[in-house]
*Asks:* 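Sharing a structure below in structure tokens format, with a few things to ask.
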Amino acid sequence: MADSKNKNGTDSGPDFEVALRDQAASLKDLVDAGKFSDALQVISALNETRDKSLFQEVGRLTRSLHEAIRNFQIDTVGAESPHKDEFSKMGDASDRLTYVVDMTNKAANKTMDLVEESMPIASEIKEEAEILKGDWARLRRREMEPDEFRELYKRMDVFLDKMTIQSDKVYRNLSDILMAQDFQDLTGQVIQKVTSLVKEVEENLVKLVRMAGKVDQITGTEHKFEQKETDMSKGEGPQMNAEVREDVVSGQDDVDDLLSSLGF
Amino acid sequence: MKILVVDDFSTMRRIIKNLLRDLGFTNTDEADDGNTALPMLQSGKYDFLITDWNMPGMTGIDLLRAVRADGALKTLPVLMVTAEAKRDQIVAAAQAGVNGYVVKPFTAAVLKEKIEKIFERIDS
């Protein structure tokens, strides 16, 4: 329908106003002159002018909308397209974020594996050293029998051997923990990319909202916006800029203060 | 002492379990949201519940409310360990009957202090 009437596709605004003014003036003249049948014809011409400008504007907006959607680079080709991934920056962004979750998860687990492996080694060394320390003190106080001393002598040997191997193991684990933090560089780059995409999408969305506002203006549509109530019990995740916000606690001390003010 | 740790991220469950082990609590189980946790609590004879707030399925605050509404569980000590930091949320958790509230990120010392405080109050 729009195609048949919207031939030139130029901005209809000023033309529309001129035509409207001319037709309104001639309508008044005709009514004043008592030529009602001619006046009715002008009224129908007025309607046509309005429709035509509306169609032109809708046509223009449709093209802008297409442009905006293309700028999003979301998949407009269809889910079964073999080139889906090439067209879909959004799909790519969610893949990238999944990659971040995977990488951080892997790094956290690897770090915890190594920590859990090292902690018992550290406690074992500590326990054995404590026992040896007690025996060593007894030796220094000359409270030790020769047999006991010979046994301590051997134990000390074993301990020092073990200590060399175990501290080496702990050192290697610490070094691996260090290396497990290499995800930060990779995930940081990925997140920066996604952030710039989100910014781009936001700008295009703002454009779309402006266009929609214009359609409303032409068609005289008014929207009632319902205030959406947020369900607090759903949870919101970490809060940003907590230090400057009144409605958010900025740390455990704030939580403790708040709870104690509630009688905790 | 049997403890249930509820968090949707396995790494956080692992961190909490490690800290609990350091505090001498070795009998711990895990669940990844309220829907999994509630039946475990109802059949498992747990002495203590540590839960996150923001989880898919049943959230921590809903789990807390469900626990307080359950005749057999209503006195179970509950510690919330969560990134939720709005004052309104902390007040809501307090009103729902939480025994302690730790905001993430937290330290081992804070977790220890809050757990000890809860048990002190129960023992006294």
Side-chain angles (χ1 to χ4, degrees), chain A residues 97-98 100-123 126 173 177 180-181 183-184 187 229-264, chain B residues 7-19 21-22 33-34 51-66 79-107 109-111 113-114 117-118 121:
Chain A
L97 289 179
T98 309
V100 170
V101 174
D102 286 349
M103 287 284 279
T104 49
N105 181 55
K106 230 164 76 186
N109 277 308
K110 188 172 182 199
T111 303
M112 283 191 278
D113 285 342
L114 292 162
V115 168
E116 283 174 11
E117 196 183 297
S118 305
M119 280 168 130
I121 299 178
S123 347
K126 185 186 169 228
N173 284 353
I177 287 171
Q181 313 309 310
F183 73 91
Q184 171 60 32
T187 56
E229 217 159 287
T230 48
D231 182 6
M232 183 182 62
S233 70
K234 279 257 181 286
E236 302 184 13
Q239 297 287 347
M240 303 298 124
N241 306 319
E243 311 76 33
V244 293
R245 284 177 55 182
E246 283 288 312
D247 59 332
V248 167
V249 295
S250 59
Q252 189 63 41
D253 288 345
D254 267 7
V255 177
D256 293 349
D257 289 347
L258 179 58
L259 287 178
S260 77
S261 77
L262 294 168
F264 264 71
Chain B
D7 198 305
D8 52 333
F9 277 88
S10 64
T11 44
M12 186 45 69
R13 295 200 298 269
R14 204 169 156 189
I15 290 172
I16 293 175
K17 280 183 79 166
N18 265 302
L19 292 172
R21 200 195 48 219
D22 276 355
D33 86 323
T51 181
D52 186 19
W53 183 313
N54 191 4
M55 296 178 287
M58 191 196 273
T59 63
I61 189 78
D62 288 340
L63 176 63
L64 171 63
R65 287 179 184 134
L79 176 67
M80 209 147 221
V81 179
T82 172
E84 302 301 324
K86 282 200 161 169
R87 290 177 186 278
D88 292 350
Q89 290 176 305
I90 298 163
V91 172
Q95 282 164 350
V98 82
N99 299 82
Y101 199 102
V102 172
V103 280
K104 295 178 190 170
F106 61 94
T107 62
V110 165
L111 188 71
E113 182 203 322
K114 300 306 166 199
K117 212 168 148 192
I118 288 171
R121 214 177 289 133

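Below, read A as the first sequence line, B as the second, and so on, with proteins coming before strands; counting in each chain starts at 1. Keep in mind that what you see is a predicted model, and the values were worked out from it rather than measured.
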*Asks:* Report which part of D88(B) has an atom under 4.5 Å of a heavy atom belonging to chain A: side chain, backbone, both, or neither.
*Replies:*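 Both backbone and side chain.
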*Asks:* Please name the pair of heavy atoms, one in G237(A) and one in E84(B), separated by the smallest distance, quoted to 0.1 Å.
*Replies:*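 Minimum heavy-atom contact is N-OE2, 2.6 Å.
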*Asks:* If you define the side chain from C-beta out and look only at heavy atoms, does anything of R245(A) sit under 4.5 Å from K86(B)?
*Replies:*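 Answer yes - side chains close enough.
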*Asks:* K104(B) versus chain A, heavy atoms under 4.5 Å apart: side chain, backbone, both or neither?
*Replies:*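 K104(B) has no heavy atom closer than 4.5 Å to chain A.
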*Asks:* Apply side chain to side chain donor-acceptor pair (under 3.5 Å) to S10(B) and list each qualifying residue two or more places apart in sequence or on a separate chain.
*Replies:*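 Counting only residues at least two positions away or on another chain, S10(B) forms no side chain to side chain donor-acceptor pair (under 3.5 Å).
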*Asks:* Do the non-hydrogen side-chain atoms of Q252(A) and V110(B) ever get within less than 4.5 Å of each other?
*Replies:*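 When only atoms from C-beta onward are counted, V110(B) and Q252(A) do touch, with a gap below 4.5 Å.
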*Asks:* M119(A) versus D22(B): any side-chain heavy-atom pair under 4.5 Å?
*Replies:*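 Contact flag for M119(A)/D22(B) side chains = yes.
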*Asks:* Heavy atoms under 4.5 Å from chain B: which residues of residues 108-118 of chain A carry them?
*Replies:*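 A108(A), N109(A), M112(A), D113(A), E116(A) fall under the 4.5 Å cut-off.
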*Asks:* R21(B): which residues meet the side chain to side chain donor-acceptor pair (under 3.5 Å) condition with it, sequence neighbours left out?
*Replies:*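 Listed in chain order: N18(B).
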*Asks:* Any heavy-atom pair between the side chains of K234(A) and N54(B) that's under 4.5 Å?
*Replies:*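 Not touching, per the 4.5 Å side-chain cut-off.
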*Asks:* Measuring heavy-atom distances to chain A, does T59(B) have an atom under 4.5 Å in its side chain, in its backbone, in both, or in neither?
*Replies:*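 For T59(B), the contact with chain A is made by the side chain alone.
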*Asks:* Which atom pairs, donor and acceptor, lie under 3.5 Å between side-chain atoms of residues 257-264 of chain A and protein residues at least two apart or in another chain?
*Replies:*
{"residue": "S260(A)", "atom": "OG", "partner": "D256(A)", "partner atom": "O", "Å": "3.4"}
{"residue": "S260(A)", "atom": "OG", "partner": "D257(A)", "partner atom": "O", "Å": "3.1"}
{"residue": "S261(A)", "atom": "OG", "partner": "L258(A)", "partner atom": "O", "Å": "2.6"}

